[in-house]
Amino acid sequence: TLFKENGMVGIKNQAGQIIIPAAYEALGWSNGSFSVTGRVTGYKLKGSWGVLNLNNERITPAQYFALTPSDGLIVASKRSASFQVTTGCIDAEGKTVIPFAYTGIKVHSMRVVAFVREGNLFKHGLIDLENKILIPFQFRNIYPIGSLRYAVEDFQGKTALYSESGKQISGFTIDSISQFSNNLAVIYEA
């Protein structure tokens with residue numbers, strides 16, 4: 001559990017013993033939640049986030065604008081000298097898995113929906129954990145609707161069904177589609 005001392009935060013185990021001394025502005029994640037993923041959690045020092053393990057060893061320096069766990073990875077954001085925020089993914093060892101080249105990222109198992117900003121538009125694409133583009137960055141939105149399927153919405157508001165490998169299964173004729181349940185989904189057209 002978290003505990004506070006002199007305005008700083010630490011962690012105690014179930015027996016009340018201090019595991020991590022109260023030496024951090026915050027512990028957990030930048031979204032305000034607290035959890036441990038892969039025996040690591042986030043820490044905040046001097047307004048920036050880093051990753052540390054339960055032995056109080058800092059895996060990364062406090063260099064991130066934001067950190068949140070997602071499907072076994074950690075979505076991390078950095079702020080550049082021009083105050084532009086870029087997002088990527090790191091693992092529990094602090095190694096970059098997805099480069100810091102995106103405006104935003106959502107991890108879905110072994111796939112990542114990422115988006116970039118072009119002018120006033122946010123363009124979504126689908127990549128794998130090796131940063132290989134499976135669905136190009138040219139769509140309004142992409143979201144999973146089952147374990148192996150994605151709904152891809154174009155800028156005209158129409159949706160197509162895609163496989164997790166990036167293969168287009170249907171045309172852009174769907175107005176809305178539900179999550180798959182027992183290999184079936186409800187769609188609306190026209």
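Just so we're clear, the structure is a prediction, and the values are computed from it rather than from any experiment.
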>> Please enumerate all residues that pass salt bridge (charged side-chain N to carboxylate O under 4.0 Å, His left out) together with E153, with sequence neighbours excluded.
In response: R140
Is [Y] close to [X] at the side-chain level, that is, under 4.5 Å between some pair of heavy atoms?
{"X": "F115", "Y": "I105", "value": "no"}
{"X": "I142", "Y": "I135", "value": "yes"}
{"X": "Y64", "Y": "S77", "value": "no"}
{"X": "H124", "Y": "V113", "value": "yes"}
{"X": "I145", "Y": "Y143", "value": "yes"}
{"X": "S176", "Y": "I187", "value": "no"}
{"X": "L67", "Y": "V51", "value": "yes"}
{"X": "T159", "Y": "Y150", "value": "no"}

Between [X] and [Y], what is the shortest heavy-atom contact and its length?
{"X": "I11", "Y": "T41", "answer": "CD1-CG2, 4.5 Å"}
{"X": "V85", "Y": "R79", "answer": "CG2-NE, 4.2 Å"}
{"X": "E5", "Y": "A22", "answer": "CB-CB, 3.7 Å"}
{"X": "W29", "Y": "S35", "answer": "NE1-OG, 2.9 Å"}
{"X": "S70", "Y": "V75", "answer": "CB-CG2, 3.9 Å"}
{"X": "L161", "Y": "S170", "answer": "N-OG, 2.9 Å"}

If you round to the nearest 0.5 Å, how far is [atom2] of [Y] from [atom1] of [X]?
{"X": "E164", "Y": "S109", "atom1": "CD", "atom2": "OG", "value": "7.5 Å"}
{"X": "I74", "Y": "C89", "atom1": "CD1", "atom2": "SG", "value": "9.5 Å"}
{"X": "E189", "Y": "D175", "atom1": "CD", "atom2": "CG", "value": "7.0 Å"}
{"X": "Q179", "Y": "R149", "atom1": "CD", "atom2": "CZ", "value": "10.5 Å"}
{"X": "R117", "Y": "K123", "atom1": "CZ", "atom2": "NZ", "value": "13.0 Å"}

>> Looking at F100, I'd like to know if the NZ or CZ of K78 sits under 6.0 Å from its six-membered ring centre while staying within 45 degrees of the ring's axis.
In response: yes
Tell me whether [X] shares a hydrophobic cluster with [Y], the cluster being built from Ile, Leu, Val, Met, Phe, Trp, Tyr side chains joined at under 4.5 Å.
{"X": "V36", "Y": "L73", "result": "no"}
{"X": "V116", "Y": "V112", "result": "yes"}
{"X": "I90", "Y": "V40", "result": "yes"}
{"X": "V107", "Y": "I133", "result": "yes"}
{"X": "Y102", "Y": "M110", "result": "yes"}

> With ring centroids as reference points, do F139 and F172 lie under 6.0 angstrom apart?
Replying inline: yes
> With Y24, which residues qualify under side-chain contact (heavy atoms from CB on, under 4.5 Å), at least two apart?
Replying inline: I20, L27, Y43, L45, L52, N56, R58
